[in-house]
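Everything on this sheet refers to the single structure shown next.
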Amino acid sequence: MLRFGGDNGMALSKEQIAQRIAQELKDGYYVNLGIGIPTLVANYIPAGINVVLQSENGLLGMGPFPFEGKEDPDLINAGKQTITTVPGSAFFDSAMSFGMIRAGKVDLTVLGAMEVSEQGDIANWKIPGKMVKGMGGAMDLVASAKNIIVAMMHVNPKGESKLLPQCSLPLTGKRCVKKIVTELAVVEVTENGFKLLERAPGVTVKEIVEKTAGKLIVEGDIKEMQF
Amino acid sequence: MLRFGGDNGMALSKEQIAQRIAQELKDGYYVNLGIGIPTLVANYIPAGINVVLQSENGLLGMGPFPFEGKEDPDLINAGKQTITTVPGSAFFDSAMSFGMIRAGKVDLTVLGAMEVSEQGDIANWKIPGKMVKGMGGAMDLVASAKNIIVAMMHVNPKGESKLLPQCSLPLTGKRCVKKIVTELAVVEVTENGFKLLERAPGVTVKEIVEKTAGKLIVEGDIKEMQF
Amino acid sequence: MNKVYKNASTAITGINDGAVIMLGGFGLCGIPENCIAALVSSGVKELTCISNNAGVDNFGIGLMLKQKQVKKMISSYVGENAEFERQLLSGELEVELIPQGTLATRCMAAGYGMPAIFTPAGVGTEVAEGKEIRVFNGKEYLLEYAFDADYAIVKAWKGDTDGNLIYKDTARNFNPLMAMAGKVTIAEVEELVPAGELDPNQIHTPGIYVHRIFKGEHYEKRIEQRTVKKVLSTL
Amino acid sequence: MNKVYKNASTAITGINDGAVIMLGGFGLCGIPENCIAALVSSGVKELTCISNNAGVDNFGIGLMLKQKQVKKMISSYVGENAEFERQLLSGELEVELIPQGTLATRCMAAGYGMPAIFTPAGVGTEVAEGKEIRVFNGKEYLLEYAFDADYAIVKAWKGDTDGNLIYKDTARNFNPLMAMAGKVTIAEVEELVPAGELDPNQIHTPGIYVHRIFKGEHYEKRIEQRTVKKVLSTL
């Protein structure tokens, strides 16, 4: 199922970014999906793969949105959206929820970001001069998760790269991001900086290099993403 | 209901020690009773007083022993005895159990002791040279409880006082005991040492003074315990 | 000893100006609606509120903000509230933002008699400023202190006359943690039953932590983000 | 991913000589009888066992002691076991005694990703020797570290195929704490049901903490101190 589209011509749509991230899922994974593109990952879980979605407000086994008229105000996700549960779910309090996150029991965390540095630092909670709404659970998640994938656009609306040598915005967490999936590329965070793993179908390495402000390692032939 | 008896002539029986301690109970108290004499306190809860018994293995609302044939191996107290529950009881894990103890939610703790010092130190878990079985929950209880009453004999089987200037045995906890009820007396632990509050019916102040090795403050007329 | 109160206005007795109070709930889910209404009616002010969120403009803690009863909010996320933003920018309101897991664990620490805990959340960020950092097994942690709240106000699904509480679904969230953490804990419940009617194995908050309980009324349970399958077909 | 194992002997796969294992239970109440039997059969040795108690001579961990499979016990109370005492006095067995609440909280700390906790238990006693003491609000606390166990072996009442667990009465005790603390957690249950049959509001241990689960058999549930009303009339 290869779909081209999105704002950048040959670049991935938000759905395709989610779809590419879904390829990182493994059977039996417990996964926490942030608000925005990460939430869409649940739509592309590969066949034969069972994952359990954790919602940090106190639920393991999050299911799809309810049918209209079946919304339960006592049953929401961390984005405050009405949801459902799947068989085998469990409710718990917020301390246990972040307890299991801190203890590394959540296998994969996917979240959005405003900036990521080549050391894996992430900024996604505060813009100086703007009303600060708070970090919610993001700082706990990035400080504790074993495996963090960031889903974001490669550049911001002004055209500036969001993959930087250093974050310019206040940090959410340090040296925590393992991988970034954007509309242009899959990038790994290594000890030596960003490393280009894959490019979006039809997107050139040159374009990715131009739009990456941080150090980007490009080794050998960079394959196109497969869907 | 005044009953004389026990090993020391006019001194209290173990049941009477428990009965005297029961007078310290107040309506609404949450109470943890140790093994031995403290357990007997539950038999003398005054009329009109409701207390809830906590068992540190994970129960609030401990009831009497079961009728024969009704024992449930999944339902025991901290002394590993089969028990029952009363209406309004709740089960929880050992961390929450000691959590509520540490947080000072238990109003009164009654436990036995081998020695108590005039500073309120307590020794009740270890005798050098003998097999050490462990402190169980005693160290947590004495370190955390707001109000600790010790139920014990005034002297040990060798005739030596158990109310000492300093404990000779390894401590269970420091400066924690508030009151001591023995077969002879009710003694408060004050900043200036032991203070005699009451004497057992027919027991003289002189006998109590003789059998108390630690500093004992005797002020004014010492009343007999009332039952 | 009777823990049962007639209603919210009697249950909040003693919450005076300047009190530090905790309020359960996540967004508008599982919030103590009756007690919030009673606090608004009482006119108590200069409150410090520890709560994951600050409600919306016309509901939840937002109702108290509108009456300018709150001096300080201690929360993890305070969006979706125009009046909040206005008071914050004008300096009328003080806000302390705390990572959500830290907030939860600092409540639990209070209820478990632990004076402080270690968490990696916020290491390397401005949250760490002025805080003690300690390394365990090569990883940095912040020392964070247990909360010290005068009152905890929580909402449960079912409760009994001894104060035992059971929560429903994700309306549990911070409620059991705050219930443990208040010097005085006030619980409002949808269903109040005599002691003995709840299964002792299913109690989430043992009654020892709860000082006052009453049956709440007219729960509105407003939904913040109504999402249904018609809107997005798969998830 | 399948978490369901056929029986105890398959579920304990990988527990090798020298392993650090946690075993749930208080006295003989809520102990993983099937796994203990399987460990005895397996002949694994040099184990470090973290468990509140050490069983009795012919039951519980006492069965493993008899086979000299245990190198070290980490417990709060180890009475009622003559073979234990013999091995201890002869130097064959090492024992570390820990206050019960500290033991429980160090398990919880591991499950909650907290590297250390503060507790007043043991301050001023030999338990404090060599430990860091810290004063909070004028009271002394010991710094105690989270446990690091290879395997946690727990017993629950009901469980489902996703690893969710529900305990019964005081057989809960240390089981939920250890279930959270093991790098690999093995749960034996009296009743094993398909995922979806347990009420999600009643789960004590969410399945994320449980890696292997099986239906136990032939529970003996021996009673250590049988006390009945005939013996003592009032309590």
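Since the model is a prediction, treat every value here as computed from it, not as a measurement. So that the names make sense, note that chain A is the first sequence line, chain B the second, and so on, each numbered from 1.
Counting all heavy atoms, side chain and backbone alike, Arg102(B) lies closest to Tyr112(C) at NE-O, 2.8 Å. In plain terms, the two heavy atoms of Ile208(C) and Met100(B) that are nearest each other are CG2-SD, 3.6 Å. Of all heavy-atom pairs between Ala195(C) and Pro87(B), the closest is O-CB, 3.7 Å. When all heavy atoms are compared, the tightest approach of Ser89(B) to Pro200(C) is O-CB, 3.3 Å. Across all non-hydrogen atoms, the minimal contact from Asn164(C) to Gly88(B) is ND2-O, 2.8 Å.
Heavy-atom neighbours of Arg175(B) CZ from other residues, nucleotides or ligands within 6.0 Å: at or below the threshold of 12. Applying the 6.0 Å contact sphere to NZ of Lys146(B) captures more than 12 heavy atoms from other residues, nucleotides or ligands. Atom NZ of Lys70(B) has 12 or fewer heavy atoms from other residues, nucleotides or ligands within 6.0 Å. Residue Lys178(B) qualifies as enclosed at atom NZ: its count of foreign heavy atoms under 6.0 Å is above 12.
In this structure, the portions of Asn201(C) lying under 4.5 Å from any heavy atom of chain B include both its backbone and its side chain. Contacts between Val106(B) and chain C at a heavy-atom distance below 4.5 Å involve backbone atoms as well as side-chain atoms. Interface residue Ala110(C): only backbone heavy atoms are found under 4.5 Å from chain B. If you measure heavy-atom distances from Met108(C) to chain B, you find no contacts under 4.5 Å at all.
From Met96(B), atom CE reaches atom OG1 of Thr205(C) across 6.0 Å, with rounding to the nearest 0.5 Å. Between atom OH of residue Tyr209(C) and atom OH of residue Tyr30(B) there is a gap of 11.5 Å, rounded to the nearest 0.5 Å.
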### Task
Starting from the C-alpha separation in whole Å, work towards a yes-or-no answer on side chain to side chain contact (heavy atoms under 4.5 Å, CB included) for Met180(C) and Lys105(B).
CA-CA 9 Å; Met180(C) 297 192 298; Lys105(B) 303 292 175 181; over 6 Å; no
